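All residue numbers refer to positions in the sequence shown, counting from 1. This one's a predicted model, so the numbers in the text were calculated from it and none came from an experiment.
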Amino acid sequence: MTDPTVRVRDLDESELLARIFPLLPTGDAVDVGPGDDAAVVRAPDGRVVVSTDVLVEGRHFRRSWSTGFDVGRRAAAQNLADIAAMGARPTSLVVSLVVPGDLPVDWVTGFARGLADAATPAGATVVGGDLSGGDEIVVAVTVHGDLDGRAPVLRSGAQPGDVLAHAGVLGRSAAGLALLSSGAASSRHGVPGARGPVAPFVAAYLRPEPPLPGGPAAAAAAASAMLDVSDGLLRDAGRLARASGVTIDLSGGRLSGDVSALLPAAVELAVVSEDVDGWQQARRWVLSGGEDHGLLATFPAEVADHGLPAGFREIGEVRAPVGDGPQVLIDGEEPDVPQGWDHFRS
């Protein structure tokens, strides 16, 4: 067991890395892993799928809410979801970490364990990265994937008549964030094994679980378009609509179960915010809440008629654009809630 009083500034870089490397997963796709000037990762398909993302302390997470394990798991999960959304299989991650000198080393090793917890089931390996000092924690992750001979599933392939489907959960992470921000819940409610009505929602924010196998499964089932729902259903459906030049019409009835599932969180929030309308709040989380990292995909009608891939369910349809062009509707009407997360306005 490590000494919780040891700080990052008490170790040099080599000593800190020596504590991190044994915690990271290994994988069959890696010829040379951490410890050299660069990693060597095999790409049997001949193409490499690449995505990157950044988490900034105070902007994307708070240490008062999130352990190092939470942040590591979340950083890996959201990047792995981007690879899955292309229909690819993740193979490796490169992680850069900026930390203040007074940060406990236990936080950093917890971060490494969180990375491994998300990456190992996906078959991905952390192959290297960089460490630096700074005033706040910044995490940068680049993830690589392999298409296994399939064509990538882009945002731009949806066609009028396609079925719109979703895999994963909607609104749970946003509900958890709202509960933490309001004081209606604490981060302990998100610890695995915690009980109570708010526990699943806080856990969904702290440690999202993207449906990673759904990406390759959707590609194999001839999905025409797909993307990771990171910034809210409405906003990301709008991105798909614009890229494909179509209109997306969401079914309010098919989303009612998602709204109902969030009512316990809305009830808890109402305890500290008396003006909260439970159903409307839950509906807003479903439509506008981000960071659940589900997969939104479109499938030709004939594919859907024979059954959607495991984990996907129909939530709307694709139509030809009318009037103002590509857009997102709910039961044929313009949405009456905000679009979702914007990195520079939210």
Please confirm whether the backbone N or O of [Y] pairs with a side-chain atom of [X], one donor and one acceptor, at under 3.5 Å?
{"X": "S66", "Y": "R63", "value": "no"}
{"X": "T91", "Y": "H144", "value": "yes"}
{"X": "D249", "Y": "G332", "value": "yes"}
{"X": "D162", "Y": "Q159", "value": "yes"}

**Message:** Between T125 and S92, do the side chains contain a donor N or O and an acceptor N or O under 3.5 Å apart?
**Reply:**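 On atom types as modelled, these side chains do not qualify, holding no pair under 3.5 Å.
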Problem - Within-4.5 Å side-chain heavy-atom neighbours: V56 and F61 - result: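 No. Closest side-chain heavy atoms not under 4.5 Å.
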If you count heavy atoms of other groups shown closer than 6.0 angstrom to [atom1] of [X], is the number above 12?
{"X": "D135", "atom1": "CG", "value": "no"}
{"X": "E333", "atom1": "CD", "value": "no"}
{"X": "R188", "atom1": "CZ", "value": "no"}

Quick test of your reading of the model: are [X] and [Y] salt-bridged, counting only N-O distances below 4.0 Å?
{"X": "D117", "Y": "R207", "answer": "no"}
{"X": "D258", "Y": "R313", "answer": "yes"}
{"X": "R7", "Y": "D10", "answer": "no"}
{"X": "R62", "Y": "E57", "answer": "no"}

Shortest non-hydrogen contact from L23 toward A116
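Here L23 and A116 meet closest at O-CB, 3.4 Å.
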Cation-pi check, R74 onto F69 ring (under 6.0 Å, within 45° of axis) =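 No - R74 does not lie over the ring of F69 by the 6.0 Å and 45° rule.
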Item to complete: Quick one: do S51 and D82 satisfy side chain to side chain donor-acceptor pair (under 3.5 Å)? Show the steps, please.
Response: CA-CA 7 Å; S51 183; D82 284 334; 3.2 Å; yes
Check T52, V127, D130 against V94 for a side-chain contact (heavy atoms from CB on, under 4.5 Å) and give me the one that passes.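 Of the listed residues T52, V127, D130, the side-chain contact (heavy atoms from CB on, under 4.5 Å) partner of V94 is V127.
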